[in-house]
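Each remark here refers to the structure printed beneath this line.
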Amino acid sequence: MGKVYVFDHPLIQHKLTFIRDKETGTKEFRELVDEVATLMAFEITRDLPLEDIDVETPVSKAKAKTLAGKKLGIVPILRAGLGMVDGILKLIPAAKVGHVGLYRDPETLKPIEYYVKLPSDVEERDFILVDPMLATGGSAVEAINSLKKRGAVNIKFMCLVACPEGVDAIKEAHPDVDIFIAALDEKLNEKGYIVPGLGDAGDRLYGTK
Ligand code: PRP
Ligand code: URA
């Protein structure tokens with residue numbers, strides 16, 4: 001069964017508070033999402049394999065470590081997931097970036113896929129699927145379906161705010177996928193918004209409504 005990790009690092013929690021605040025404007029919201037994505041990328045890459053190398057310091061030879069060159073892919077769920085990509089790339093700049101475009105039908109809350117483009121060597125990469133919100137879980141489950149259908153095997157899902165309904169949906173449909181979140185909120189409201197959440201992530205990132 002996939003595990004759920006809640007990143008309780010004080011910097012992540014502090015910045016998330018301002019992301020939630022309805023008085024935070026678009027520019028600051030975007031900067032904070034970018035910063036939290038970097039901090040979450042630091043935590044999520046904790047298990048990257050290392051290999052030994054020899055290096056010469058100004059003083060002597062040293063046995064040192066380097067990343068073993070695992071191929072990574074970052075896949076934002078459009079559009080709000082895009083707000084997290086640059087923050088992750090700051091730490092893992094060699095990762096390739098795919099895109100899955102989905103939106104929730106406002107009536108049924110079911111995801112509608114409109115775009116998919118992944119790196120060509122999809123079978124060889126480990127993927128981090130990113131979206132700020134995990135609400136009903138419909139979008140994440142569908143995006144994971146899309147990645148797996150194209151050959152992805154190793155997938156992690158990372159988001160800022162989740163609720164129990166979304167976590168359960170991923171666990172049921174994709175028990176192999178670990179979930180990494182900054183906060184697990186209380187519930188969904190009747191409109192499918194996370195309570196207390198942060199509102200509509202896409203609208204707050206891009207200033208639309
Ligand atoms: C939001 C969010 C997720 C989805 C989560 O996107 O960014 O992708 O809702 O909801 P779910 O777990 O119930 O599927 P939205 O559909 O609003 O599209 P947008 O990013 O284009 O605004
Ligand atoms: N999508 C959002 O952007 N916010 C929510 O609370 C739920 C889905």
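Both ligands and their constituent atoms are indexed starting at 1 by order of listing. Residue numbers start at 1 and run along the sequence shown.
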Are V177 and I181 linked, directly or through other ILVMFWY residues, by side chains that come within less than 4.5 angstrom of each other? yes
Establish whether I194 and V167 are linked, either directly or via other cluster members, by ILVMFWY side-chain heavy-atom contacts under 4.5 Å. no
Is there at least one pair of N or O atoms, one from A201 and one from ligand 1, spaced under 3.5 Å apart? no
Quick one: pull up NE2 in H14 and CG in L32 and give me the separation to the nearest 0.5 Å. 8.5 Å
When you measure from atom 10 (O) of ligand 1 to every protein heavy atom, which one gives the shortest distance, and what is it? R104 CD, 3.2 Å
For atom 2 (C) of ligand 1, grab the closest protein heavy atom and report residue, atom and distance to one decimal in Å. D131 OD1, 3.4 Å
Polar proximity ligand 1 side, A80 side, N/O cut 3.5 Å exclusive: yes
Does the side chain of E123 come within less than 4.5 Å of V153's, by heavy atoms? no
Within 4.0 Å of some non-hydrogen atom of G192, the atoms of ligand 2 are 7 (C)
Does R204 reach ligand 2, in the sense of a heavy atom lying below 4.0 Å from it? no
Look at the side-chain heavy atoms of Ile, Leu, Val, Met, Phe, Trp and Tyr, link any pair under 4.5 Å apart, and say whether L184 and M133 land in one connected group. no
What are the atoms of ligand 1, with element, lying closer than 4.0 Å to any heavy atom of G137? 11 (P), 12 (O), 13 (O)
Which ligand 1 atoms are under 4.0 Å away from a heavy-atom of Y103? 16 (O)
For the pair D200 and K209, find out whether any cationic side-chain nitrogen is under 4.0 Å from an anionic carboxylate oxygen. no
G166 heavy atom under 4.0 Å from ligand 1: no
Does atom 8 (O) of ligand 1 have a protein heavy-atom neighbour under 4.0 Å away? yes
Nearest protein heavy atom with distance in Å, relative to atom 6 (O) of ligand 2: I194 N, 2.8 Å
Can you tell me which residue and heavy atom of the protein come closest to atom 14 (O) of ligand 1, and the distance to 0.1 Å? S139 OG, 2.6 Å
Just to be sure I read this right, does ligand 2 sit under 4.0 Å from the backbone of A201, its side chain, both, or neither, counting only heavy atoms? both
Protein contact of atom 17 (O) of ligand 1 - nearest heavy atom, named by residue and atom, plus distance: D200 OD2, 4.1 Å
State the CG-OG1 distance between L198 and T17, to the nearest 0.5 angstrom. 11.5 Å
If you count the non-hydrogen atoms of other residues, nucleotides and ligands that lie under 6.0 Å from NZ in K70, is the total more than 12? no
Does the protein place any heavy atom closer than 4.0 Å to atom 5 (C) of ligand 1? yes
Please determine, by modelled atom types, if R150 and S146 share a side-chain donor-acceptor pair under 3.5 angstrom. yes
Could you identify the single nearest non-hydrogen protein atom to atom 13 (O) of ligand 1 and state the distance to 0.1 Å? T136 OG1, 2.5 Å
Quick one: does I19's side chain get under 4.5 Å of T24's, heavy atoms only? no
Backbone or side chain, does any N or O of A135 fall under 3.5 Å from an N or O of ligand 2? no
Is ligand 2 less than 4.0 angstrom away from at least one heavy atom of G199? yes
Heavy-atom nearest option to atom 18 (O) of ligand 1, drawn from V100, I194, L102, L109: L102
At a 4.0 Å threshold, what atoms of ligand 2 neighbour a non-hydrogen atom of R104? 7 (C), 8 (C)
Can you classify the ring geometry of F180 versus F7 as parallel (below 30°), tilted (30 to 60°) or perpendicular (above 60°)? tilted
Any N or O of R79 that comes nearer than 3.5 Å to an N or O of ligand 1? yes
Any ion pair linking K65 and D52 (charged N to carboxylate O, less than 4.0 Å)? yes
Would L134 and V161 count as a side chain to side chain contact (heavy atoms under 4.5 Å, CB included) if you check the C-alpha gap in whole Å, the side-chain angles of each, and the deciding distance to 0.1 Å? CA-CA 6 Å; L134 177 63; V161 181; over 6 Å; no
Counting neighbours of NZ on K90 that are heavy atoms of other residues, nucleotides or ligands and sit closer than 6.0 Å, is the number greater than 12? yes
Nearest neighbour in protein (non-hydrogen) for atom 5 (C) of ligand 2: Y193 CD2, 3.4 Å
For ligand 1, which is the ligand I care about here, please tell me if A135 has any N or O atom under 3.5 Å from one of the ligand's N or O atoms. yes
